[in-house]
Amino acid sequence: MDASTRYSFVNRPRIYLDYAATTPIDPEVWQSMSEHALHLSGNPSSIHAEGRAARTAIEEARKSVAKMLHASLNEVFFTSCGTESNNTILLGAVRDLQVTRIISSPIEHHCILHALEYLKTQYPVEIVYLPVTTTGQPDLERLEMLLADRPGPGTLVSLMQVNNEIGSMIDLNVVGNLVHQYGALFHSDTVQAIGFVDHDLTQLPVDFLSGSAHKFYGPKGVGFMYIRNDYTIRPLLYGGSQERNMRSGTENILGILGMARAMELAMANLDERQNHMQQMKSRLASGLLEHVPGLTINGHPSATSPKILSVNIPAGPRTDLLLMNLDIAGISASGGSACSSGVESASHVLAHLPITSTDKTVRFSFSHLTTGAEIDQVIEKVTRLTQKNQPEPAPDGNQ
Ligand code: PLP
């Protein structure tokens with residue numbers, strides 16, 4: 001892609017490789033949002049013309065999202081983020097669907113893990129965490145044993161489709177069919193997958209899933225949840241009964257429209273974007289493997305998202321501050337995942353992988369906007385920063 005047509009997200013020439021944390025808003029999405037901002041000023045709950053125009057716009061967005069997911073209109077609910085969607089689903093399953101056991105994994109996002117720990121203190125629900133394989137996937141043999149031991153709809157299985165730290169993926173068909181074979185319910189946190197993978201919910205054996213616009217070049221602060229028609233749960237928020245009583249609060253109209261537009265663009269360019277990210281990921285992986293002795297890659301070699309590359313770099317004199325040094329060098333990456341406090345802390349995901357404790361783990365995550373030249377610069381910089389005895393060049397470029 002020509003540089004002039006690329007988004008200005010950070011002040012280039014910085015190199016942003018943290019697209020799993022968040023993505024820049026697509027200019028086309030922003031343009032459509034800003035056009036609507038000037039015209040759609042009614043409250044969608046009002047019955048007058050301004051209100052009806054806002055309501056129509058939201059329902060058009062819902063139609064579009066539902067169509068892309070091959071879901072019914074009444075199965076899609078707009079929320080404020082992926083966290084809210086996942087929390088609503090987990091709470092609803094326990095409180096309203098008589099779920100007394102949730103089987104999940106210890107490498108889920110904190111919005112799952114912390115919600116599960118909370119539910120355990122408030123409801124009579126057993127939480128079971130599956131062991132994780134060395135390639136960062138939940139142990140499906142153990143899952144089957146647990147399901148066979150106590151089949152039926154009293155169990156919800158909650159497993160993420162793409163792990164946000166290491167990129168490993170589960171096959172929703174395989175897991176969902178297994179879960180349904182034993183009559184249990186299946187929720188997948190698909191926040192890192194929506195907009196990057198096709199989801200045909202007429203075929204996929206999934207009962208609940210979640211999406212978040214800021215992961216696929218939409219605005220921040222808006223998401224959605226899919227709840228299969230067979231299930232009725234109560235909301236997290238009570239009030240004006242918006243979203244068919246599933247999510248009270250005046251709708252984030254512009255956010256919803258922006259999310260639908262971003263998802264349309266993502267789905268229209270799915271293959272092209274996936275192929276490009278895969279090329280970027282392979283280029284970085286092979287470059288780093290060639291130049292950084294002892295470097296290893298986390299996650300599954302093939303069941304992995306083209307968006308994420310997580311690498312372990314053996315300890316050296318300058319690896320402790322590697323992320324900071326990369327930042328100073330104009331490269332944004334992350335250690336494991338973005339952490340809400342902005343502080344690098346030990347990763348609960350990496351703790352379950354066979355990584356030498358002194359290794360430095362770095363997560364690079366890619367976009368269709370990433371260029372080969374950027375990847376080459378990152379390879380060069382990481383190589384330089386991890387070479388044991390070589391001094392760092394002065395910031396002005398003098399060696
Ligand atoms: N689930 C996964 C896998 C994520 O990566 C994230 C965000 O990093 C979330 C859920 C939370 O999404 P949001 O930021 O929209 O609350």
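Indexing begins at 1, ligand by ligand and atom by atom, following the structure's order.
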Under-4.0 Å salt bridge between Asp376 and Lys381: no

Check Glu126 with Lys120, please: is the shortest side-chain N to carboxylate O separation under 4.0 Å? no

Would you say Gly82 and ligand 1 have an N/O pair spaced under 3.5 Å apart? yes

Against heavy atoms of Cys81, which atoms of ligand 1 measure under 4.0 Å? 13 (P), 15 (O), 16 (O)

When you check the side-chain N and O atoms of Glu165 and Ser347, is any donor under 3.5 Å from an acceptor? yes

Kindly confirm or rule out a cation-pi arrangement of Lys307 over Tyr19, judged by NZ or CZ under 6.0 Å from the six-membered ring centre and within 45° of its axis? no

Starting from atom 14 (O) of ligand 1, what is the nearest protein heavy atom, named by residue and atom, and what distance separates them? His214 NE2, 3.0 Å

Would you mind listing which atoms of ligand 1 come within a distance below 4.0 Å of any non-hydrogen atom of Met160? 3 (C)

Below 4.0 Å, non-hydrogen atoms only: which portion of Thr83 touches ligand 1? Side chain, backbone, both or neither. both

Checking contacts here: is it the side chain or the backbone of Cys111 that comes within 4.0 Å of ligand 1, counting heavy atoms only? Could be both or neither. side chain

Which of the numbered atoms in ligand 1 are under 4.0 angstrom from any heavy atom belonging to Asp189? 1 (N), 2 (C), 3 (C), 10 (C)

Ion pair Glu59/Lys63, N-O distance below 4.0 Å: no

Evaluate Tyr217 against His368 for ring-ring contact (aromatic ring centres under 6.0 Å, His included), listing each step before the verdict. CA-CA 11 Å; Tyr217 308 89; His368 54 285; 4.6 Å; yes

Any salt bridge between Glu251 and Arg62, counting N to O under 4.0 Å? no

Please list, in number order, the atoms of ligand 1 under 4.0 Å from a heavy atom of Asn164. 3 (C), 5 (O)

protein heavy-atom neighbour closest to atom 4 (C) of ligand 1 works out as His109 CD2, 3.3 Å

Using modelled atom types and a 3.5 Å cut-off, is there a donor and acceptor pairing between side-chain atoms of Ser85 and backbone atoms of Phe224? yes

Specify side chain, backbone, both or neither for Glu84, according to which of its non-hydrogen atoms lie closer than 4.0 Å to ligand 1. neither

Looking only at protein heavy atoms, what sits closest to atom 8 (O) of ligand 1 is Lys215 NZ, 2.6 Å

Residues Arg261 and Asp26 bridged, charged N to O under 4.0 Å: no

Residue Ser212 vicinity, atoms of ligand 1 by number, heavy atom under 4.0 Å: 13 (P), 15 (O)

What protein heavy atom lies closest to atom 5 (O) of ligand 1? Include the residue and the distance to one decimal. Gln192 NE2, 2.9 Å

